[in-house]
Amino acid sequence: MSQLFTPARTRGFLRATAAAVALSSVLLTTNCGAAGESGGDAKATAAVPAGFPVTVDNCGVRTTYDRPPSRVVTIHQHPAELMLALGLKDRMVGTAFPDSAVLPELKEDYEAVPELARKEPSFEKVLDAEPDFVYGGYGSAFAEKEGRSRTAFADAGIDTYLNREYCGKKKVTMEDTYDEVRTIGKIFGVADRADKLVTDLKSRVGKAAGKVEGEPDVPVFVYDSGDKAAFTAGGKSLGTELIRLAGGENVFADLDDVFGDVSWEQVIERRPEVIAVYDYAGAGSVEQKKRFLLSQPALADVPAVRNKRFVVLPLTATLVGIRSAYAVDDLARGLHPESFR
C-alpha cells in the first residue's frame, strides 16, 4: 500500500484519556447575604427554580446543581449541537473544536456563539469566557496534561460534564444518545424539551429503520483512515449499531473494541459491499480517502471498491449526540437506495 496519511488513533487515545480523568465532586454552593444588604448577589438570593437542586453522576463525578448553569463553554462540536438543539443558545458563551459542517438548521445559532479555539482551548482561554459549566465531547476536553482536568475546573469553581461515551463504558448504543439528551435537559431545567427531542430522534431512527425492514443486511466496512493498515470501527462502537439499524452489518463487528486496526487482507477476505467513509479534519479529505481505496490493486475485487459504493458520514454523526439519528437515515439510503425511491 502506498503511504498517503497516517492512521488516526485520536479517538482511541481519547477514550484512554477519559478513563484517567480525575474523579472529583463539585457542589455548587452560594452564600446568601443578609436580607436588605446592599450589593447582595442576586443569583444567590433568587428563589431556587422548580425541580432543583439536581444531582448528576457523570463519569465518577457527582455534581449538585442548585440552579441551571447560565454560562456554558462546549469543547468539541457534538456537545454544542446538542445544546443548540435543546434551545440553549442563550446559555452558551463559547464553543471549540468544530469537527465538520454544522447541521443546517443549527448553523446560524452555532455561528452566533464565540469560537474560543479551532482545537481544544487552553485552560486560561476557557477561564476568560467566565463559564460556570464546561461540557466536553471527547476525553481530551479535560486532559490533565494540558491543565484542563476536571479537578482544575472544580478548583476554579466551574462545573464540568463529559459526554457519556467517554465514561469507560464498553459498548455504546443509541440509548446512550437518548440518555445524554435527557441528562443535559435535566441539568438545564428543560426536561420537557429533552423529552421532545428524544421523541423526534427516535422517530427519525424508526422511519429510516422501517424503510429497510426485511431487506437483507448489506456487509459494510467502516474506513476511518490508514494506509498500511485500516483503522476501523469495531463492535463496541456506536457506528456498528447505526449500521445495523440502517439494514447493514459491520464486517468487523467481531473486533472487540470501539476502534482498531485491521489488515487489508482481512478487508479483502470479508468482501464488504459498501464502505462507510468517516469524514473529519486531520486524516485526509473524503476524496483523498476514496482515491486511495480505488487506486489499490489489491482491493480491486472488493465489491464495494469495484462498484464504487461509498457512504460518507461526518465523524460527529457517529458519536453520542443528536447527529447519530441522522446517520441512520443517511446510511439506510446508501445501503438500500431502492427502499427510498
TODO: Could you tell me if the ring centre of Y65 sits under 6.0 Å from that of F188?
DONE: no
Open item on the list: Any carboxylate oxygen within less than 4.0 angstrom of a Lys/Arg side-chain nitrogen, looking at E81 and R323?
Closed with: yes
TODO: Identify the heavy atoms of D176 and V320 that sit nearest to each other, and give their distance.
DONE: O-CG1, 3.7 Å
Task: Rounded distance (nearest 0.5 Å) linking atom CZ of F153 with atom CZ of F133 - done: 11.5 Å
Open item on the list: Check for me, please, whether L162 and L82 land in the same ILVMFWY cluster - side-chain distances under 4.5 Å, paths through other members count.
Closed with: yes
Open item on the list: Any heavy-atom pair between the side chains of F97 and Q77 that's under 4.5 Å?
Closed with: no
Open item on the list: Would you compute the distance between atom CD of E241 and atom CZ of R244 and round it to the nearest 0.5 angstrom?
Closed with: 5.0 Å
Task: Close side-chain approach of V93 and E130, heavy atoms under 4.5 Å - done: no
Task: K207/D329 salt bridge by N-O under 4.0 Å criterion - done: no
- [ ] Check whether any side-chain heavy atom of V286 sits under 4.5 Å from a side-chain heavy atom of Y278, and report yes or no.
- [x] no
- [ ] Determine, using ring centers only, whether F231 and Y223 are less than 6.0 Å apart.
- [x] no
Open item on the list: Please evaluate residues D57 and R62 with respect to the criterion salt bridge (charged side-chain N to carboxylate O under 4.0 Å, His left out), reporting the C-alpha separation (whole Å), side-chain torsions for both, the decisive distance (0.1 Å), and the verdict.
Closed with: CA-CA 4 Å; D57 291 305; R62 170 169 285 196; 2.8 Å; yes
Task: ring-ring contact (aromatic ring centres under 6.0 Å, His included), paired with Y166, selected from Y138, Y161, F142 - done: Y138
Task: Criterion side chain to side chain contact (heavy atoms under 4.5 Å, CB included) on L88 and R193, from CA distance to verdict - done: CA-CA 10 Å; L88 297 170; R193 297 184 203 171; 4.0 Å; yes
- [ ] Would you tell me whether S122 and R148 have side-chain atoms, one donor and one acceptor, within less than 3.5 Å of each other?
- [x] no
Open item on the list: I'd like to know whether L319 forms a side chain to side chain contact (heavy atoms under 4.5 Å, CB included) with E165, so could you lay out the CA-CA distance, the side-chain angles of the two residues, the decisive distance to 0.1 Å, and finally the verdict.
Closed with: CA-CA 8 Å; L319 305 171; E165 187 168 357; 3.8 Å; yes
Open item on the list: Any donor-acceptor pair under 3.5 Å linking the side-chain atoms of T95 with those of T74?
Closed with: no
Open item on the list: Could you check whether S140 and E120, counting side-chain N and O atoms only, form a donor-acceptor pair closer than 3.5 Å?
Closed with: yes
Task: Verdict with reasoning, R150 to N58, per side chain to side chain donor-acceptor pair (under 3.5 Å) - done: CA-CA 11 Å; R150 298 184 75 175; N58 169 241; 2.9 Å; yes
